[in-house]
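No experiment lies behind these values; they were computed from the predicted model shown. Lettering follows sequence order; numbering is per chain, from 1.
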2 protein chains.
Amino acid sequence: MLPSLDPGSDRAVFRQIADHLREAIKRGDLREGEKLPSEAALMKHYGVARGTVRQALQLLQSEGVAAAEHGRGVFVRPRPPVRRLASDRFARRHRERGQAAFMAESEASGRRPSVDMLTVTQAAPPLDIAERLKLDEGTATVVRRRRYLHDGHPVEVATSYLPADIATGTKIGEPDPGPGGIYARLEELGHRLDHFDEQIEARMPTAEESRVLALASGVPVFHLIRTAYDTDGRPVEVCDTVMAADSFVLSYTLPAS
Amino acid sequence: MLPSLDPGSDRAVFRQIADHLREAIKRGDLREGEKLPSEAALMKHYGVARGTVRQALQLLQSEGVAAAEHGRGVFVRPRPPVRRLASDRFARRHRERGQAAFMAESEASGRRPSVDMLTVTQAAPPLDIAERLKLDEGTATVVRRRRYLHDGHPVEVATSYLPADIATGTKIGEPDPGPGGIYARLEELGHRLDHFDEQIEARMPTAEESRVLALASGVPVFHLIRTAYDTDGRPVEVCDTVMAADSFVLSYTLPAS
DNA sequence: CTCGCCTACTCGTCTAGACGAGTAGGTAAC
DNA sequence: GTTACCTACTCGTCTAGACGAGTAGGCGAG
């Protein structure tokens with residue numbers, strides 16, 4: 001099934017082995033979730049040392065193509081179900097049905113959403129967040145942190161910051177903010193939402209993020225920072241979100257004029 | 001400068017070494033572009049084998065924190081200058097100044113943009129592109145492929161597909177489409193642009209992408225697929241773009257209503 | 001002064017072996 | 001039948017060494 005090494009090639013042996021396995025996956029010889037040949041089998045097939053085989057497998061893992069499981073083997077990394085996030089996902093019409101954005105969308109796609117590790121505290125935000133909220137450094141905010149899961153698998157951690165003068169003493173400062181989520185509460189408090197600015201970066205996860213999101217190696221994260229503005233032009237919330245990039249497709253509509 | 005190993009810890013030695021170096025970088029002891037201790041120096045400092053040191057350095061590279069340069073050393077990966085892409089970047093008012101989107105924006109941020117590896121061909125698009133263009137499989141399109149560079153560094157490769165019945169025989173089918181780029185030409189041809197749909201994914205690069213974009217290991221890519229619609233609701237262009245994720249921040253405005 | 005070579009240092013690749021730890025299936029004791 | 005153990009197989013970590021190849025600086029020949 002796997003070809004032999006090309007001794008004339010100047011491509012490193014471990015790269016050639018990785019190429020062979022990658023092709024086999026692409027061809028469909030090895031399907032999603034299927035087990036790759038064990039290190040021992042590859043050593044025998046190619047007649048190389050274990051270190052060389054491991055380099056090849058390491059490469060595939062860093063590409064996000066394969067994932068090793070201790071004691072079991074190396075497997076073709078299954079692609080998790082993808083959530084599509086549309087740019088109208090925070091539109092009022094969705095909110096008025098009484099569901100927060102994540103839950104509504106996730107259920108629509110036929111999956112079981114849940115929230116986890118919810119904490120609500122009061123603290124001064126990081127400097128860049130304070131700037132976005134147009135607050136002086138050290139000004140108190142209500143900080144809502146939570147983890148979102150999809151069919152039990154963590155996919156996203158988000159931290160919201162709201163100026164304390166708006167949120168303290170309201171349902172926003174409580175673990176359960178009630179139907180429609182914090183955006184519904186903000187509007188009830190007289191802060192009619194006008195628009196959101198969303199900034200997107202992609203990078204490799206920190207060790208901490210890798211743990212909390214249970215990420216396989218070779219999976220980057222989306223880092224979203226969203227600022228909500230009310231109709232007075234005041235920023236009323238900043239939400240800092242880290243998402244497993246293999247679980248999301250983001251989608252936006254851009255104006256042509 | 002670097003601490004010693006904790007023999008009592010159950011954390012693997014190579015992870016501890018990577019932790020130490022990561023902390024040193026975070027603390028600022030090692031600055032952007034600075035050289036990490038050589039493998040030999042780390043072997044001596046920690047009293048471990050070279051393989052162990054290399055595992056630690058490999059880990060940092062896969063995190064995008066460091067980058068090795070053959071024969072020179074391992075360096076704290078400098079963060080390249082970032083381009084911010086706003087959601088109005090294809091607005092008509094920009095186009096009317098006679099510059100295509102990339103060039104205009106790049107020069108505004110004080111950098112030297114250039115385009116490279118430009119090819120224009122006629123071919124049937126991949127199936128998913130054909131679907132977005134609402135074309136039957138096998139229908140011909142004009143395919144424009146190019147690479148964008150920023151101060152001489154490649155940052156983005158893009159492939160545009162336009163229905164042949166619109167584009168063939170126009171300036172869109174020529175290497176230089178003229179002032180304002182292909183969107184200006186489309187509008188002149190009577191296809192007034194209405195809006196764009198942009199879909200964003202993030203993933204690790206393929207070997208091919210890694211080469212063309214000269215990516216360091218540990219740098220993911222943004223994969224954008226943008227569809228342009230005219231005022232008749234007809235899709236008139238699909239642009240498939242792969243961007244070095246460390247060189248971009250994407251920014252969008254979302255409606256609240 | 002310039003060019004080319006030599007050398008020391010750097011990372012890249014590969015080998016051969018050791019021990020540890022997680023998994024899974026069979027088997028023997030209860 | 002259930003439980004506990006044993007064993008074979010898997011990947012994870014670490015060692016010690018070899019050779020290759022790219023880089024950069026010094027030094028001598030021209």
Which of C:dT13, D:dT15, C:dT10 is nearest the side chain of A:Phe14? It is C:dT13
Rounding to the nearest 10°, end axes of the helix from C:dC1-D:dG30 to C:dC30-D:dG1 built from five pairs each make an angle of 0°
ask   = Contact class for A:Arg11 vs. all strands (heavy atom < 4.0 Å): base, sugar-phosphate, or nothing?
value = nothing
When rounded to whole Å, the CE to P distance for the pair B:Met43 and D:dA18 reads 12 Å
By nearest-heavy-atom nucleotide on DNA chain C, the more 5' of A:Gln55 and B:Leu36 is B:Leu36
Checking D:dT13, C:dT13, C:dT15 against the side chain of B:Arg54 (C-beta onward), the nearest is C:dT13
Ignoring backbone atoms, test whether A:Ser38 places a side-chain nitrogen or oxygen under 4.0 Å from the OP1 or OP2 oxygen of D:dT10.
yes
Considering only heavy side-chain atoms of A:Ala68, the closest of D:dT13, D:dG12, C:dC11 is D:dG12
Extract all donor-acceptor atom pairs below 3.5 Å that involve side chains of residues 212-221 of chain A and protein atoms in other chains or at least two apart in sequence.
none

Is there a side-chain contact between A:Asp197 and A:Ile225 in this structure, where contact means two heavy atoms from C-beta onward sitting under 4.5 Å apart? no
**Q.** Parallel, tilted or perpendicular: rings of A:Tyr252 and B:Tyr252 (30°, 60°)
**A.** parallel
CZ of B:Arg83 to CZ of B:Arg89, rounded to nearest 0.5 Å, is 8.5 Å
The contact string for nucleotides 20-25 of chain C, one letter per nucleotide 5' to 3', using protein heavy atoms under 4.0 Å with B, S and - for base, sugar-phosphate only and none, comes out as BBBSS-
Item to complete: Check for a donor-acceptor pair, side chain of B:Arg144 on one end and backbone N or O of B:Cys239 on the other, with a separation under 3.5 Å.
Response: no
